[in-house]
Amino acid sequence: MGYVRKKVLFYGYVQGVGFRYFAKMNAQRFNVTGFVENLYDGSVHMEVEGKDYVVDAYLKTLQKGNRYIDVQRMDIKDIPLKGDKSFKVRDYF
């Protein structure tokens with residue numbers, strides 16, 4: 001049970017549907033840190049850090065989405081820990 005940080009790119013209906021705020025709300029619920037931001041190509045970029053099994057559960061929740069969000073693909077990569085203190089929603093682009 002260690003800590004991990006993951007870089008995630010989300011594709012699908014993830015912009016204009018409240019995805020970043022859904023991610024922040026659930027980050028607080030799962031007690032993970034990092035950030036989320038929209039990209040120019042319509043995808044969403046995230047870095048998330050926390051206990052490995054908690055990060056996995058958090059990403060599964062985001063993948064399920066809600067009635068507006070439809071994650072069609074996630075590209076996930078392990079990256080070095082940064083030690084963020086909170087989870088932030090970054091402004092557009």
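For the numbers below, each heavy atom of this structure counts, side chains included, while hydrogens, waters and symmetry mates do not. If you read the sequence from its start, that first residue is 1, and numbering goes on from there.
To the nearest 0.5 angstrom, D91 atom CG is 10.0 Å from N38 atom CG. Separation of atoms CG (D78) and NZ (K6) is listed at 3.5 Å; rounding is to 0.5 Å. Atom CZ of R90 and atom CZ of F35 lie 4.0 Å apart (nearest 0.5 Å). From M74, atom CE reaches atom CE of M46 across 9.0 Å, with rounding to the nearest 0.5 Å. Interatomic distance, OG of S86 versus CD of Q28, reported as 9.0 Å (0.5 Å rounding).
A salt bridge links R73 with D75: at least one charged nitrogen is closer than 4.0 Å to a carboxylate oxygen.
Hydrophobic clustering of Ile, Leu, Val, Met, Phe, Trp and Tyr side chains at less than 4.5 Å, counting indirect connections, keeps I79 apart from I76. V32 is not connected to L81 by any chain of hydrophobic side-chain contacts under 4.5 Å among Ile, Leu, Val, Met, Phe, Trp and Tyr, and they are in different clusters. Hydrophobic clustering (ILVMFWY, side-chain heavy atoms < 4.5 Å, transitive): Y21 and V44 are in one cluster. Under a hydrophobic-cluster definition in which Ile, Leu, Val, Met, Phe, Trp and Tyr are linked whenever side-chain heavy atoms come within less than 4.5 Å, directly or via other members, Y68 and F22 are assigned to the same cluster.
Through direct or indirect side-chain contacts shorter than 4.5 Å among Ile, Leu, Val, Met, Phe, Trp and Tyr, Y13 is connected to no other residue.
Contact check for V48 versus V4: no side-chain heavy atoms found under the 4.5 Å cut-off.
The neighbour count for K88 NZ, taken as heavy atoms of other residues, nucleotides or ligands under 6.0 Å away, does not exceed 12.
The shortest heavy-atom contact between L62 and V71 is O-CG2, 3.5 Å. Annotation for F87 and V36: closest pair CE2-CG1, 3.7 Å, computed over non-hydrogen atoms. Pairing each heavy atom of F10 with each of L59, the nearest pair is CZ-CD2, 4.1 Å. For the residue pair Y58 and A27, the shortest heavy atom distance occurs at CE1-N, 3.4 Å.
For residues 54-64, no residue pair satisfies the salt bridge (charged side-chain N to carboxylate O under 4.0 Å, His left out) rule, not counting sequence neighbours. Residue pairs satisfying the salt bridge (charged side-chain N to carboxylate O under 4.0 Å, His left out) criterion with at least one member in residues 43-53, sequence neighbours excluded, are listed as follows: R5-E47, R5-E49, E47-K82.
Remark: side-chain polar atoms of N66 are paired, donor with acceptor, to backbone N or O of I69 under 3.5 angstrom. For Q63 (side chain) and D70 (main-chain N/O), no donor-acceptor pair under 3.5 Å exists by modelled atom type.
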